[in-house]
*Asks:* 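What follows is a structure written as structure tokens; I'll ask about it next.
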Amino acid sequence: MALSTYSDRCDLLEITDGQLISLDVREKMELTSSINCKYAGAYDVGVKSLTFTDPFNIFLVDLNVLYTFKAVVRPKITNIANSALDFENLVNNTGFKSINQVEDIPGNDMRSYQSGDSLSSINWKVSAKFSELMVRLPNPMEKRSVTIIMDAANWQDSKQNLEYLKMRDFFLEFVVSAAWNFGQQNVPLEIIYPSGDIKTSTVDSYESFMEFYNEIADGIFYRSDAVKTKLQSLIKEKSVDYDKNTCILIKEDSRDKKDFCSIIG
């Protein structure tokens, strides 16, 4: 008997692709192995098929393994999105503002230091001039917010295809890296993506990021073609509806790298 593994997407550390096993009557063998998965997403791993031959190599039978193991692999968090997002922020540096997210920033008004004031609010030059500690009063300022739309590919019949696995791996890594990038800048992020139907997640804290991160590996799919059409209609609406936030479109199946990540609103 020969074993065929999913070597294109995973490495079985104790079982090799094409490994030969010979058993006598009533003899059995248990095979165990640790595994390294190569891509983010959800896909079949382990032993793919078995090939049996008789002792004289006259007959050959190939059997697919019907019971497969499904790996759900979360994407790596890297800086893969940083350069693209920095470019988009330069293009958009006039700044869209959120109408409902507010933060305090140091203003121009001064008063004497009071117990409990943050040391970072002390203006040392003015304090030296007046010979007492002076602090800058905060001014409310609208936070910039960002919306990301995940335009995922709709490969219902090809989810085990290696091209799809590589495409989905890059797509997921880019999105979570973008979410992590904006989170480090304290920029609230709205993510719109297909999860059966169209779903919206808000990432504005470590906890909300982890909730999205734990779902994304196995949670990006279309329940029907109608959901894909619904997402495309939403993208068209966002491209002409300039509200007060930055809207970035990330296309999974883009053949042009320049079109992979773009501002649409």
*Asks:* Please report the shortest heavy-atom distance between Ala178 and Ile148, naming the atom on each side.
*Replies:* CB-CD1, 3.9 Å

*Asks:* Would you find more than 12 non-hydrogen atoms of other residues, nucleotides or ligands less than 6.0 Å from Asp54 atom CG?
*Replies:* yes

*Asks:* Using modelled atom types and a 3.5 Å cut-off, is there a donor and acceptor pairing between side-chain atoms of Ser195 and backbone atoms of Gly219?
*Replies:* yes

*Asks:* Just to verify, what does Glu252 make a salt bridge (charged side-chain N to carboxylate O under 4.0 Å, His left out) with, not counting sequence neighbours?
*Replies:* Arg168

*Asks:* Have Ser201 and Tyr193 got a donor and an acceptor in their side chains that come within less than 3.5 Å?
*Replies:* yes

*Asks:* Out of curiosity, Gln184 CD to Phe209 CZ, how far, rounded to the nearest 0.5 Å?
*Replies:* 9.5 Å

*Asks:* Do Leu162 and Trp155 belong to the same hydrophobic cluster, where Ile, Leu, Val, Met, Phe, Trp and Tyr are linked whenever their side-chain heavy atoms lie under 4.5 Å apart, directly or via other members?
*Replies:* yes

*Asks:* My understanding is that only residues two or more places apart in sequence, or in another chain, count here; which of them pass ring pair (Phe, Tyr, Trp, His ring centres under 6.0 Å) with Tyr222?
*Replies:* none

*Asks:* Supply the atom-to-atom distance Thr229 OG1 to Leu231 CG, rounded to the nearest 0.5 angstrom.
*Replies:* 9.5 Å

*Asks:* Same cluster or not: are Leu50 and Leu31 linked, directly or through other Ile, Leu, Val, Met, Phe, Trp or Tyr residues, by side-chain heavy atoms under 4.5 angstrom apart?
*Replies:* yes

*Asks:* Should Ile192 and Thr147 be marked as a side chain to side chain contact (heavy atoms under 4.5 Å, CB included) after you check the CA-CA gap, both sets of side-chain angles, and the distance that decides it?
*Replies:* CA-CA 7 Å; Ile192 302 174; Thr147 295; 3.9 Å; yes

*Asks:* Ile264 and Ile248: side chain to side chain contact (heavy atoms under 4.5 Å, CB included), yes or no, with the steps?
*Replies:* CA-CA 6 Å; Ile264 62 170; Ile248 298 175; over 6 Å; no

*Asks:* Rounded to the nearest 0.5 Å, what's the gap from CD1 on Ile191 to CD1 on Ile149? Could you check?
*Replies:* 11.5 Å

*Asks:* Return the minimal non-hydrogen interatomic distance between Ser208 and Asp204, and the atom names on each side.
*Replies:* OG-N, 2.9 Å

*Asks:* Is there a side-chain contact between Lys76 and Leu172, using heavy atoms and a 4.5 Å cut-off?
*Replies:* no

*Asks:* Do NZ/NE/NH1/NH2 and the carboxylate oxygens of Lys38 and Asp169 come within less than 4.0 Å?
*Replies:* no

*Asks:* As an exercise, state the distance from CG of Leu234 to OG1 of Thr200, rounded to the nearest 0.5 Å.
*Replies:* 8.0 Å

*Asks:* Between the side chain of Ser177 and the main-chain N/O of Thr78, is any donor-acceptor distance below 3.5 Å?
*Replies:* yes

*Asks:* Mind listing the side-chain donor-acceptor pairs of residues 40-49 below 3.5 Å, one per line with the distance, residues two or more places apart or on another chain?
*Replies:*
{"from": "Tyr43", "atom 1": "OH", "to": "Tyr39", "atom 2": "N", "distance (Å)": "3.1"}
{"from": "Tyr43", "atom 1": "OH", "to": "Tyr39", "atom 2": "O", "distance (Å)": "2.6"}

*Asks:* Show me the donor-acceptor pairs, under 3.5 Å and distance only, between side chains in residues 11-22 and residues at least two apart or in other chains.
*Replies:*
{"from": "Glu14", "atom 1": "OE1", "to": "Ser33", "atom 2": "OG", "distance (Å)": "3.2"}
{"from": "Glu14", "atom 1": "OE1", "to": "Ser34", "atom 2": "N", "distance (Å)": "2.7"}
{"from": "Glu14", "atom 1": "OE1", "to": "Ser34", "atom 2": "OG", "distance (Å)": "3.2"}
{"from": "Asp17", "atom 1": "OD1", "to": "Thr5", "atom 2": "N", "distance (Å)": "2.9"}
{"from": "Gln19", "atom 1": "OE1", "to": "Thr16", "atom 2": "N", "distance (Å)": "3.1"}

*Asks:* Using the ring pair (Phe, Tyr, Trp, His ring centres under 6.0 Å) criterion, which residues pair with Phe221? Sequence neighbours excluded.
*Replies:* none

*Asks:* Do the side chains of Ile77 and Ile250 join up, straight or via other hydrophobic residues, at under 4.5 Å, putting them in one cluster?
*Replies:* yes

*Asks:* Counting heavy atoms not belonging to Lys166, are there more than 12 under 6.0 Å from its NZ?
*Replies:* no

*Asks:* List for me each residue that meets side-chain contact (heavy atoms from CB on, under 4.5 Å) alongside Gln232, sequence neighbours excluded, and say none if there are none.
*Replies:* Asp151, Lys228, Ile235

*Asks:* Say you draw a straight line from CE of Met1 to CG of Leu23; how long is it, rounded to the nearest 0.5 Å?
*Replies:* 5.5 Å

*Asks:* What residues, two or more places apart in sequence or in another chain, satisfy salt bridge (charged side-chain N to carboxylate O under 4.0 Å, His left out) together with Lys199?
*Replies:* Glu215

*Asks:* Under 30°, 30 to 60°, or over 60°: which ring-plane class applies to Phe174 and Phe260, parallel, tilted or perpendicular?
*Replies:* perpendicular

*Asks:* Taking side-chain contact (heavy atoms from CB on, under 4.5 Å) as the test, write out the residues that go with Arg26, two or more places apart.
*Replies:* none

*Asks:* I need the Ile122 CD1 to Met110 CE distance, nearest 0.5 Å.
*Replies:* 11.5 Å

*Asks:* When the side chains of residues 124-135 are checked against the rest of the protein, which donor-acceptor pairs come out under 3.5 Å, sequence neighbours left out?
*Replies:*
{"from": "Ser127", "atom 1": "OG", "to": "Asn123", "atom 2": "O", "distance (Å)": "2.7"}
{"from": "Ser127", "atom 1": "OG", "to": "Glu132", "atom 2": "O", "distance (Å)": "3.4"}
{"from": "Ser127", "atom 1": "OG", "to": "Met134", "atom 2": "N", "distance (Å)": "2.8"}
{"from": "Glu132", "atom 1": "OE1", "to": "Ser112", "atom 2": "OG", "distance (Å)": "3.1"}

*Asks:* Which heavy atom of Glu173 sits nearest a heavy atom of Ile80, and at what distance?
*Replies:* O-CG2, 3.8 Å

*Asks:* Which residues satisfy the salt bridge (charged side-chain N to carboxylate O under 4.0 Å, His left out) test with Lys70, sequence neighbours excluded?
*Replies:* Asp218

*Asks:* How would you list all residue pairs meeting ring pair (Phe, Tyr, Trp, His ring centres under 6.0 Å) that involve residues 52-84, not counting sequence neighbours?
*Replies:* Tyr67-Phe69

*Asks:* Could you see if Tyr6 belongs to whatever hydrophobic cluster contains Val65? Use Ile, Leu, Val, Met, Phe, Trp, Tyr and a side-chain cutoff under 4.5 Å.
*Replies:* no

*Asks:* Restricting to side-chain contact (heavy atoms from CB on, under 4.5 Å), what partner residues turn up for Asn214, sequence neighbours left out?
*Replies:* Arg74, Met210

*Asks:* Mark yes or no for whether Tyr213, through its side chain, and Trp180, through its backbone, hold a donor-acceptor pair below 3.5 Å.
*Replies:* no

*Asks:* Looking at side-chain heavy atoms only, is the closest gap between Arg9 and Gln160 below 4.5 Å?
*Replies:* yes

*Asks:* Side-chain heavy atoms nearer than 4.5 Å, only ILVMFWY residues, links allowed to pass through others: does that put Val187 and Tyr206 together?
*Replies:* yes

